[in-house]
Amino acid sequence: MEKGFSLIELFKLGGPFMWVLLAFSVATIAIVIERCIYLSWHDCKVSPVRDRVKAFLTLGDREGAEDYLSSLTHKQTVATILLSLLQNAKYGENRMERAAEAEAQERLRRMENGFNYLTALSSLAPLTGFLGTVSGMIGAFQSIAMATDVNAQLVAGGIYEALITTVFGLIIAIIALVAYNLLIQKVDTFAAEASKAINDLVPELI
């Protein structure tokens, strides 16, 4: 067999399961790009917004704090959470904390949208690759059984082609897992900082 193959040649050698893996790879890349764009557009910085709101509240200007947060709701994720906190402050500490936590949960849900698909793809891709390999191995051994003259090249060539799907499946799984862990770390950091911001501002509203 020739040494070195182009991606197209490897794709053809991998058999029909490569089409499934191609769909998985496209889905993985699309989800990662979409989530990166979403998290970049919806600024997840908490400290600057919290400090500005705290400055308003220290001066007793709650209305100014609400106006400031309202102007940021289209791009600052934490703004909607703190705005919910301020708008419910008149109903008491327990009510405003619950309102802020409910809004935070909704924002986190939106941020994590698509993450479950990444975890599913990280599991399905290698399994599909293994399935393609098993299918290829069956074909290889069938060729061996039908051949009158079995040689090492025939055996190695069939196994070599069969393992291509496993390699591609593992590559997709690694990309999905790495992306998921990087993205979830960003979301977890935001969640912790948002919770701290709520706790910092509640005493100013009581």
Side-chain angles (χ1 to χ4, degrees), residues 22-125 171-206:
L22 177 62
F24 286 169
S25 64
V26 171
T28 299
I29 293 172
I31 292 171
V32 171
I33 292 175
E34 188 273 335
R35 285 294 88 190
C36 287
I37 293 174
Y38 181 91
L39 293 176
S40 297
W41 173 252
H42 296 80
D43 196 339
C44 297
K45 294 179 181 178
V46 175
S47 298
V49 179
R50 178 201 61 201
D51 293 343
R52 185 72 183 276
V53 171
K54 193 170 185 179
F56 275 109
L57 296 178
T58 301
L59 296 174
D61 188 5
R62 184 178 299 181
E63 184 177 346
E66 291 186 12
D67 291 340
Y68 166 69
L69 290 172
S70 297
S71 69
L72 297 178
T73 53
H74 66 289
K75 61 180 180 179
Q76 288 280 357
T77 304
V78 74
T80 58
I81 299 172
L82 299 185
L83 182 59
S84 178
L85 183 74
L86 266 64
Q87 290 176 337
N88 288 274
K90 58 186 177 182
Y91 299 113
E93 180 180 354
N94 191 41
R95 172 73 177 272
M96 66 177 173
E97 285 183 345
R98 287 206 311 269
E101 289 171 1
E103 182 64 25
Q105 288 297 322
E106 173 61 20
R107 290 295 161 179
L108 290 174
R109 184 192 65 79
R110 295 183 184 183
M111 294 172 71
E112 294 176 353
N113 186 32
F115 284 12
N116 55 333
Y117 293 116
L118 283 179
T119 56
L121 286 167
S122 68
S123 299
L124 288 174
I171 290 173
I172 295 169
I174 290 171
I175 294 173
L177 277 175
V178 170
Y180 171 81
N181 281 284
L182 291 175
L183 291 170
I184 198 66
Q185 182 180 16
K186 186 176 181 67
V187 173
D188 288 344
T189 299
F190 169 80
E193 292 180 354
S195 178
K196 185 177 185 302
I198 293 172
N199 291 331
D200 289 345
L201 293 179
V202 165
E204 302 289 338
L205 296 168
I206 299 175

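This is a predicted model, so every value here is computed, not measured.
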Checklist line | Student check: side-chain heavy atoms of Val187 and Leu183 closer than 4.5 Å | finding: no

Margin query: Just verifying a value: how many Å separate Thr28 OG1 and Ile172 CD1, rounded to the nearest 0.5 Å?
Written below: 6.0 Å

Notebook entry, point to check: Under the side-chain contact (heavy atoms from CB on, under 4.5 Å) test, which residues partner Ile33, sequence neighbours left out?
Noted result: Ile29, Ile37

Item checked: Separation between OG1 of Thr77 and CG of Leu39, rounded to the nearest 0.5 Å -> 8.0 Å

Checklist line | Min side-chain heavy-atom separation Val49-Leu69 under 4.5 Å | finding: yes

Next item on the list: Would you list the pairs meeting ring pair (Phe, Tyr, Trp, His ring centres under 6.0 Å) in which at least one residue belongs to residues 27-47, sequence neighbours left out?
Entry: Tyr38-His42

Next item on the list: Quick one: list whatever passes side-chain hydrogen bond (donor to acceptor under 3.5 Å, both in side chains) with Glu112, sequence neighbours left out.
Entry: none

Check: Applying ring pair (Phe, Tyr, Trp, His ring centres under 6.0 Å), which residue pairs with at least one partner in residues 92-123 are found, sequence neighbours left out?
Finding: Phe115-Tyr180

Notebook entry, point to check: Partners of Arg110 by salt bridge (charged side-chain N to carboxylate O under 4.0 Å, His left out), sequence neighbours excluded?
Noted result: Glu106

Notebook entry, point to check: How long is the span from the CZ atom in Arg50 to the CG atom in Leu57, to the nearest 0.5 Å?
Noted result: 12.5 Å

Item checked: Where at least one partner belongs to residues 184-206, residue pairs that pass ring pair (Phe, Tyr, Trp, His ring centres under 6.0 Å), sequence neighbours excluded -> none

Margin query: Taking salt bridge (charged side-chain N to carboxylate O under 4.0 Å, His left out) as the definition, give me every residue that meets it alongside Glu66, ordered by chain and number, with sequence neighbours left out.
Written below: none

Note to self: Run the side-chain contact (heavy atoms from CB on, under 4.5 Å) test against Asp61 and tell me which residues pass, sequence neighbours left out.
What the structure shows: Phe56, Glu63

Checklist line | Residues in side-chain contact (heavy atoms from CB on, under 4.5 Å) contact with Asn113, at least two apart in sequence or another chain | finding: Arg35

Next item on the list: Nearest 0.5 Å please: distance from the CG atom of Leu108 over to the CD atom of Glu103.
Entry: 10.0 Å

Item checked: side-chain contact (heavy atoms from CB on, under 4.5 Å) involving Ile171 - partner list, sequence neighbours excluded -> Val167, Ile175

Item checked: Heavy-atom side-chain proximity of Val46 to Ile81 below 4.5 angstrom -> no

Item checked: Residue pair Asn116 / Thr119: nearest heavy atoms and the distance that separates them -> O-OG1, 2.7 Å

Sequence neighbours excluded and cut-off under 3.5 Å, please list the side-chain donor-acceptor pairs for residues 86-96, or say none.
unit_1, atom_1, unit_2, atom_2, d
Asn88, ND2, Ser84, O, 2.8

Check: Looking at side-chain heavy atoms only, is the closest gap between Gln76 and Pro48 below 4.5 Å?
Finding: no

Under 3.5 Å donor-acceptor pairs involving side-chain atoms of residues 194-206, not counting sequence neighbours:
unit_1, atom_1, unit_2, atom_2, d
Lys196, NZ, Asp200, OD2, 3.1
Asn199, ND2, Ser195, O, 3.3

Next item on the list: Determine the minimum heavy-atom distance between Cys44 and Met111, stating which atoms define it.
Entry: SG-CE, 3.5 Å

Notebook entry, point to check: CG/Leu85 to OG1/Thr80 distance, rounded to the nearest 0.5 angstrom?
Noted result: 11.5 Å

